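One structure is given below, encoded as structure tokens.
Only this structure's heavy atoms are used, side chains among them; waters, hydrogens and symmetry mates stay out. Numbers restart at 1 for each chain; the letters A, B, ... are given by sequence-line order, proteins then strands. What you see is a predicted model; the values in this text were computed from it and never measured.
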Protein chains: 2
Amino acid sequence: MVKIKEIEKSTEIKILEAAKQEFLERGFDGARMQKIAERAGINKALLHYYFRSKENLFKAIFQSVFENFFPKVVKTFQSEISFFDKLKFFIDNYIDVLSKNPFLPAFILHEIQLRPEMLINSMKEQGFNPSVFLNMFKREMENGVICNMRVEHLVVNILSMCIFPVAAAPIIKGMIFKNDDIEYQQFLEERKIIVYEFVVNSIKK
Amino acid sequence: MVKIKEIEKSTEIKILEAAKQEFLERGFDGARMQKIAERAGINKALLHYYFRSKENLFKAIFQSVFENFFPKVVKTFQSEISFFDKLKFFIDNYIDVLSKNPFLPAFILHEIQLRPEMLINSMKEQGFNPSVFLNMFKREMENGVICNMRVEHLVVNILSMCIFPVAAAPIIKGMIFKNDDIEYQQFLEERKIIVYEFVVNSIKK
DNA sequence: ACTATTTTTGACCAGTTGGTTAAACTATTT
DNA sequence: AAATAGTTTAACCAACTGGTCAAAAATAGT
């Protein structure tokens with residue numbers, strides 16, 4: 001049994017991985033329990049054995065996925081580097097995470113439209129607090145390092161420019177890059193620097 | 001019959017309005033033909049009488065909705081006002097349209113993930129051409145009015161800051177404004193100016 | 001007023017979907 | 001090795017869903 005666990009992933013892990021794919025690609029309403037079972041290579045009844053219902057399985061996935069969507073800000077921002085390096089590091093890192101989870105942004109944005117409770121739930125359960133983020137910028141404004149503005153707008157601007165281009169990948173690919181995946185990936189790569197410069201240009205005193 | 005048409009909307013219009021609501025809120029997979037019929041106050045079979053299938057009805061809605069999502073750039077940009085006024089007008093106008101269609105951005109972003117063809121289709125059918133948009137900025141760069149950068153990034157930045165805050169409304173409301181709708185609406189209103197200033201600060205020479 | 005055409009409806013259908021169950025299989029305990 | 005507990009499966013089910021159809025109702029044409 002020990003050997004099996006090492007070679008073959010545990011059933012629960014296999015289910016979670018399959019469910020994550022299915023839910024991320026198709027959303028709750030589009031996802032099919034049968035498809036999840038097939039993807040995991042198991043019998044459909046096993047899904048209900050491990051996770052009572054579709055709703056339950058979905059909640060598990062949403063929570064695990066939520067972590068990737070809301071950047072673990074604390075570690076990034078507690079380091080000793082300068083404000084601008086923190087900002088640069090954050091943007092680089094966040095775009096990187098998202099571009100490796102291409103379905104994530106659109107999935108979250110879609111699901112929360114009719115289930116905002118899920119968000120609040122996940123936030124509480126993970127102790128996520130946006131004010132850590134906001135306060136960092138507020139401090140730099142008070143120190144006169146960056147221009148004064150409502151921090152909420154600044155933060156939303158930064159997040160917008162990181163998240164939207166991934167959520168809108170099919171649009172951008174289709175309209176700008178003639179559906180060339182490589183060119184689009186290159187575009188995202190460039191943004192790690194461009195977004196930082198764009199923000200700094202705008203807020204630096 | 002003339003009188004009836006004036007008082008009561010034609011069946012087709014009623015269906016389209018009901019379907020638009022249902023599809024925008026729930027997406028294709030979450031929408032129910034029965035619910036659309038109820039919303040329109042008609043029998044379900046009528047839906048199939050006017051639009052053969054759910055798929056067909058969806059296509060009709062997607063196309064009509066697409067127009068609002070992709071700003072009618074031409075008219076805005078052909079006017080004689082200065083570049084910066086065009087930009088200001090565009091951002092103001094676009095945020096306004098989106099905030100009046102709160103489900104629109106997340107709907108489009110979700111649906112295109114697995115149906116990119118729909119996008120291409122609607123684009124062709126409506127003769128939408130993104131290069132009109134891109135070229136305007138390129139011209140101003142060549143004229144030395146704004147800083148040089150890859151126009152694609154500039155345009156994506158602007159669109160990001162207009163679209164994302166609407167798509168992410170439930171997140172922003174929940175995390176920043178304690179679910180206060182009015183404060184959130186005020187926030188969007190402010191962005192009409194803030195986004196413009198943020199962009200201009202960054203690109204003005 | 002009568003007919004032909006279009007619009008609307010209720011009843012119905014076949015396929016799908018999430019979920020259940022009893023039995024088979026596997027591993028663990030004694 | 002026998003009993004016990006934990007996994008896995010195939011078969012099944014009730015509810016729902018998109019879609020059909022024949023008949024009824026409304027409208028238009030004569």
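Distance A:Glu12 CD to D:dG6 P: 15 Å, rounded to the nearest Å. Atoms CD1 (A:Ile42) and C1' (D:dA10) sit 14 Å apart, rounded to a whole Å. Summarising the geometry, the separation between CZ on A:Phe51 and C1' on C:dG19 is reported as 16 Å, rounded to the nearest angstrom. In this structure, B:Leu47 places its CG atom 11 Å from P of C:dT9, rounding to the nearest Å. Atom NE2 in B:His48 sits about 17 Å away from atom C1' in D:dA22, given to the nearest Å. As rounded to whole Å, 17 Å separates atom C1' of C:dC12 from atom CE of B:Met33. Taking atom NZ of residue B:Lys44 and atom P of nucleotide C:dG10, one finds them 12 Å apart after rounding to whole Å. The distance from atom CG of B:Leu46 to atom C1' of C:dG10 is 12 Å, rounded to the nearest whole Å.
A cation-pi arrangement is found for B:Arg115 relative to B:Phe58, the charged atom lying closer than 6.0 Å to the ring centre and inside a 45° cone about the ring normal.
For A:Arg32, no side-chain nitrogen or oxygen approaches OP1 or OP2 of C:dT16 to under 4.0 Å. Phosphate contact (OP1/OP2 of D:dT8, side-chain N/O of A:Tyr50, threshold under 4.0 Å): present. An OP1 or OP2 oxygen of D:dT8 is reached within less than 4.0 angstrom by a side-chain nitrogen or oxygen of A:Thr11. A sub-4.0 Å separation between OP1 or OP2 of D:dT8 and a side-chain N or O of A:Asn43 is absent.
Side chains of A:Gln185 and A:Glu189: no donor on one and acceptor on the other come within 3.5 Å.
Within the shown strands, D:dA1 is the pairing partner of C:dT30 under the Watson-Crick or G-U definition, both distances less than 3.5 Å. When Watson-Crick and G-U wobble pairs are counted only if both distances are under 3.5 Å, D:dT30 pairs with C:dA1.
If you check every strand for non-hydrogen atoms under 4.0 Å, A:Ala31 touches sugar and phosphate atoms only.
In this structure, B:Phe90 has its ring center closer than 6.0 angstrom to the ring center of B:Tyr94.
With the nearest nucleotide of DNA chain C identified for both A:Lys54 and B:Tyr49, B:Tyr49 has the one nearer the 5' end.
Between A:Pro165 and A:Ser160, the closest heavy-atom pair is CD-O, 3.6 Å.
For the pair A:Arg39 and A:Glu25, the salt-bridge criterion is met [side-chain N within less than 4.0 Å of a carboxylate O].
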